[in-house]
Amino acid sequence: MGSLETGGISFKRDKNTLTRSYSAGRTERHPFLYRPRSNFSRFLRFKKLDYIQWICTVAVFLFFVVLFQMFLPGSVVEKPELGSSPWRGMELVDKDLWYLKEIGGLDFGEDIKFQPSKILQNFRKGNREMNMSFSSRTLSRFPYRKPQLALVFADLLVDPHQLLMVTVATALQEIGYTIHVYSLGDGPAQSIWKSMRSPVNIIQISHKMEIAVDWLNYDGILMNSLETKSVFSCFMQEPFKSVPLIWTINERTLATHSRQYTSSWQIELLHDWRKAFNQATVVVFPNHVLPMMYSAFDTGNYYVIPGSPADIWETETKMALYNDEIHVKMGYEPDDIVIAIVGSQFLYRGLWLEHALVLKALLPLFAEFSLDNNSKSHLKIIILSGDLTGNYSAAVEAIAANLSYPRGTVKHFAVDDDVGSPLGAADLVIYGSFLEEQSFPEILVKAMSIGKPIITPDLSMIRTYVDDRVNGYLFPKENLKVLTQIVLQAISKGTLSPLARNIASMGKNTAKNLMVLETVEGYATLLENVVELPSEVTAPKAVSEIPPKLKKEWCWNLFKAFMNSTHEDRTLKSSRYLKTVEEQWNYMQNESSGSIAATNDSFSYDIWEEERNIMMLNTRKRREEEELKDRTDQPHGTWEDVYKSAKRADRSRNDLHERDEGELLRTGQPLCIYEPYFGEGTWSFLHQSSLYRGIGLSTKGRRPRTDDIDAPSRLSLLSKPYYRDALGEYGAFFAIANRIDRIHKNSWIGFQSWRATARKASLSRIAEKALVDAIESRKHGDSLYFWVRTDMDPRNDLQSDFWSFCDAINAGNCKLAFSEALKRMYGIKHDLEFLPPMPEDGDTWSVMLSFALPTRSFLEFVMFSRMFVDALDAQMYDEHHQSGRCYLSLAKVTFEFSVIACMKRVPYWNFVWILL
């Protein structure tokens with residue numbers, strides 16, 4: 001630094017930076033620059049601080065001084081009149097403070113908005129893809145069955161969330177959906193769902209935490225409440241990961257608990273919840289506040305469908321609480337008039353200014369009220385809001401004092417969720433926020449449902465539901481003088497005017513069914529964008545075709561008998577559930593750390609003992625090798641011999657690995673039935689007896705401690721996700737047929753889909769014995785037995801013929817795909833349709849890959865099917881990878897093969913095998 005003082009040295013940076021030079025001539029013309037520097041100036045020079053930084057520092061300091069002054073009595077000055085604009089209300093405050101609004105010192109929540117941009121972008125992308133058409137093929141839809149939805153609840157207790165979903169389900173049924181209800185617990189709401197002809201199933205969770213439900217039967221899942229998280233384990237496992245899942249969350253409890261998880265370093269518990277949120281296709285909230293409260297779990301799948309009957313439900317069930325006694329319980333006299341000032345649920349720094357504006361507008365009202373013997377006014381004003389700074393009550397008192405309000409007239413109540421008591425004590429409710437909300441404020445719904453007249457600014461969202469002087473009062477937000485006039489009209493001679501009472505009554509009727517239309521249409525639109533329907537499913541009607549009567553009111557008539565019954569509050573129930581989850585989590589963590597601590601003492605000794613044994617073994621082997629070195633001849637083999645020996649050892653190791661107790665029990669049986677499966681979600685549907693053997697289509701999802709076959713290790717093609725998904729259970733056929741004599745020693749072979757077990761269409765114990773007896777006695781010779789039939793398939797209620805049903809479940813292109821594949825197989829060049837005739841003689845066909853046949857017949861079938869699959873793959877592989885879609889499906893980018901055979905007891909070679 002001393003060299004800079006003497007001058008003459010140039011201090012340069014690189015090309016892209018500023019070059020500074022200090023010249024000696026400049027210092028000669030200004031000799032005062034050489035005067036001795038003080039310690040303070042040296043400090044500035046050494047720390048490289050310039051004047052701009054100091055100016056910014058002083059500005060920040062003054063900013064905080066002014067911000068602190070806002071909460072002192074001297075910062076509010078009374079002015080005689082208000083201007084035409086609501087922000088002219090800044091005249092209530094020192095003009096010197098208003099510049100804070102301009103530089104960002106105050107904000108009024110204008111930037112508080114929730115935009116589900118990622119979800120909306122996915123909707124638009126999905127709509128574009130659905131509008132795409134294949135260049136050479138047309139996709140068709142066949143109305144064979146209705147779209148099916150599963151509604152999952154934590155229990156069937158009667159509460160507002162059940163009322164909401166019953167209302168939504170009624171509208172969905174009207175436009176063509178079928179609703180099935182699942183619940184972890186029973187309750188009185190079961191009778192309501194049954195009256196709607198919706199099957200109700202109580203989910204049984206096994207000791208292994210397995211849930212035996214085939215969720216693939218449903219086109220979409222709607223889950224409700226945080227307590228359904230225990231079902232999420234199903235949807236985090238294959239094959240249920242791809243099922244569209246909509247999770248509705250109405251509780252705030254997890255949002256508040258998440259802060260505790262962070263502060264107490266329970267990060268893993270936080271991550272566990274985040275996984276559940278991430279697994280959901282869409283997480284739905286009933287208002288725009290909850291998504292921001294749950295921001296710690298946001299993965300871009302949040303969505304808001306506004307509307308809930310929770311507030312009016314609480315009012316209807318607790319009407320006895322909102323009576324005249326609550327006026328006295330809150331500390332007011334019977335003849336006091338209480339005005340409640342409420343606002344947005346969001347907290348922002350400009351909140352105090354809005355409250356000051358409203359308090360200023362209410363000042364003329366005091367002239368209408370006389371003072372009692374203690375010089376106290378009968379007009380009371382309470383401000384209900386969150387506590388932004390921790391001492392907001394003091395700030396409110398300071399504002400009231402500067403506006404010359406009598407002491408004790410204005411009070412602030414810091415509220416969070418429970419605003420029922422303060423609102424119940426109020427005679428008039430004023431909405432004092434000028435923030436344009438995205439949905440109707442819940443605090444106003446609460447006030448209207450209790451039967452309080454409301455006065456609000458004419459914000460666009462509020463104006464949609466409130467008609468001036470019909471079910472509420474509206475005043476222009478640009479002119480607060482109108483607010484004063486309205487209050488003087490609503491309160492006449494120390495009591496509410498008859499008009500105000502009528503408005504309160506009309507407002508209560510409005511609140512009872514507020515935003516039903518938005519809720520019903522919101523869920524219907526969401527399902528329309530999220531759920532992709534297979535080709536055999538009838539498309540639901542458009543959202544606009546929902547009958548208007550189903551969008552006017554909640555289904556109160558179905559819940560009328562339960563309104564007077566007492567049930568546990570959902571918030572308390574969810575809090576107890578979270579506490580249980582936390583206790584279980586802490587117990588598992590303590591148990592894990594305890595087991596580690598218990599093994600620490602013996603860990604060193606075990607290592608030493610193991611090392612000693614290894615050294616002794618190596619010493620013994622080395623001594624034996626030295627003794628035999630000169631006694632034995634060691635012939636050297638060729639590389640070919642070494643390779644064959646290694647392959648032989650590898651086969652032996654695999655055979656030993658797969659041969660265990662289960663295979664020993666199957667020895668001597670004429671039949672072995674293989675159950676192909678993919679993922680842990682199917683484990684509860686697989687059999688454990690020696691007649692059955694599982695074959696996992698993925699190495700990751702294999703059952704532990706079983707002799708299940710690992711299909712990818714026998715057929716490497718299945719290691720590629722494309723072919724594993726495309727072949728489906730057909731991949732198990734090819735894997736077993738590949739070197740079949742190494743794993744299958746039985747004369748007959750069978751297959752059964754895990755989905756047949758889920759549908760309760762699998763072989764019973766009696767049917768198993770009858771099948772084995774028929775095979776051993778050769779009752780029908782070389783026949784094919786199957787037990788899942790098309791005439792009992794829920795997709796084939798119309799009992800269609802083979803090709804019609806085949807087209808229906810393959811987007812109308814089954815015959816085309818089959819004909820093209822056969823022509824490619826046999827080298828046929830002409831364009832004629834090449835299809836084998838399918839008999840229509842009153843018999844039926846096999847579905848769901850559940851059949852048994854001689855092993856040698858199975859091998860001949862696989863020989864044919866390999867050629868067919870190769871031909872089918874050749875004609876669609878390129879188009880599939882270019883467009884991302886398959887012309888055999890409207891919904892998925894992958895296709896599934898299934899086998900169909902004629903139900904006739906004739907030799908196997910007379911059967912016609914068809915691949916869909």
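Side chains are part of it too, since the values below use all heavy atoms of this structure and drop only hydrogens, waters and symmetry mates.
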Please set out all donor-acceptor pairs under 3.5 angstrom arising from side-chain atoms of residues 757-764, sequence neighbours excluded.
| unit_1 | atom_1 | unit_2 | atom_2 | d |
| --- | --- | --- | --- | --- |
| Ser764 | OG | Ala767 | N | 3.2 |

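Arg703 pairs by the salt bridge (charged side-chain N to carboxylate O under 4.0 Å, His left out) definition with Asp708, not counting sequence neighbours. For Asp773, the salt bridge (charged side-chain N to carboxylate O under 4.0 Å, His left out) criterion is met by Lys769, not counting sequence neighbours. Partners of Ser800 under the side chain to side chain donor-acceptor pair (under 3.5 Å) rule, at least two apart in sequence or in another chain, are Tyr144. Residues satisfying the side chain to side chain contact (heavy atoms under 4.5 Å, CB included) test with Asp870, not counting sequence neighbours, are none. With sequence neighbours left out, the ring pair (Phe, Tyr, Trp, His ring centres under 6.0 Å) criterion links Tyr177 to no other residue. Applying the salt bridge (charged side-chain N to carboxylate O under 4.0 Å, His left out) rule to Lys720 yields no partners; only residues at least two apart in sequence or on another chain are considered. Judged as a salt bridge (charged side-chain N to carboxylate O under 4.0 Å, His left out), and not counting sequence neighbours, the contacts of Arg145 are Asp219. For Thr699, the side chain to side chain contact (heavy atoms under 4.5 Å, CB included) partners two or more places apart in sequence, or in a different chain, are Asp710, Pro712. Residues satisfying the side chain to side chain contact (heavy atoms under 4.5 Å, CB included) test with Ala774, not counting sequence neighbours, are Lys779, Tyr785. In this structure, the ring pair (Phe, Tyr, Trp, His ring centres under 6.0 Å) partners of Trp247, at least two apart in sequence or on a different chain, are Phe232, Phe277. Residues meeting the side chain to side chain contact (heavy atoms under 4.5 Å, CB included) test with Ala539, sequence neighbours left out: Arg141.
A donor-acceptor contact shorter than 3.5 Å links the side chain of Asn301 to the backbone of Ala280.
When all heavy atoms are compared, the tightest approach of Met825 to Ala871 is CG-CB, 3.8 Å. Leu697 and Gly731 get closest at one heavy-atom pair: CD2-C, 4.4 Å.
Ring geometry, Phe733 versus Phe861: the interplanar angle exceeds 60°, so the pair is classed perpendicular (tilted spans 30 to 60°). In this structure, Trp215 and Tyr218 have tilted ring planes: the angle between them lies in the 30° to 60° band. Using bins of under 30°, 30° to 60° and over 60° for the plane-to-plane angle, the ring pair Trp845/Phe802 lands in the tilted bin.
For the atom pair NE2 of His687 and CD1 of Ile673, the computed distance is 8.5 Å after rounding to the nearest 0.5 Å. Distance check: Arg755 CZ to Met848 CE gives 5.5 Å after rounding to the nearest 0.5 Å. Taking CG of Leu718 as the reference point, atom CG of Asp725 lies at 10.5 Å (rounded to 0.5 Å). The line from CD1 of Ile809 to SG of Cys814 is 7.5 Å long, rounded to the nearest 0.5 Å. Rounding to the nearest 0.5 Å places CD1 of Ile749 at 14.0 Å from CZ of Arg856. Going from atom CD of Gln279 over to atom NZ of Lys229 covers 12.0 Å, rounded to the nearest 0.5 Å.
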| Stepwise side-chain hydrogen bond (donor to acceptor under 3.5 Å, both in side chains) check, Glu729 with Ser753 | CA-CA 8 Å; Glu729 295 179 345; Ser753 172; 3.1 Å; yes

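Using modelled atom types and a 3.5 Å distance limit, the side chains of Gln669 and Ser690 yield a donor-acceptor pair. Of the N and O atoms on the side chains of Trp787 and Gln752, at least one donor lies less than 3.5 Å from an acceptor on the other residue. Between the side chains of Thr844 and Thr790, at least one donor-acceptor pair of N or O atoms lies under 3.5 Å.
Annotation: side chain of Val537 is not in contact with side chain of Phe142 (no heavy-atom distance under 4.5 Å).
If you look at Phe751 and Phe858, their ring centroids are closer than 6.0 Å.
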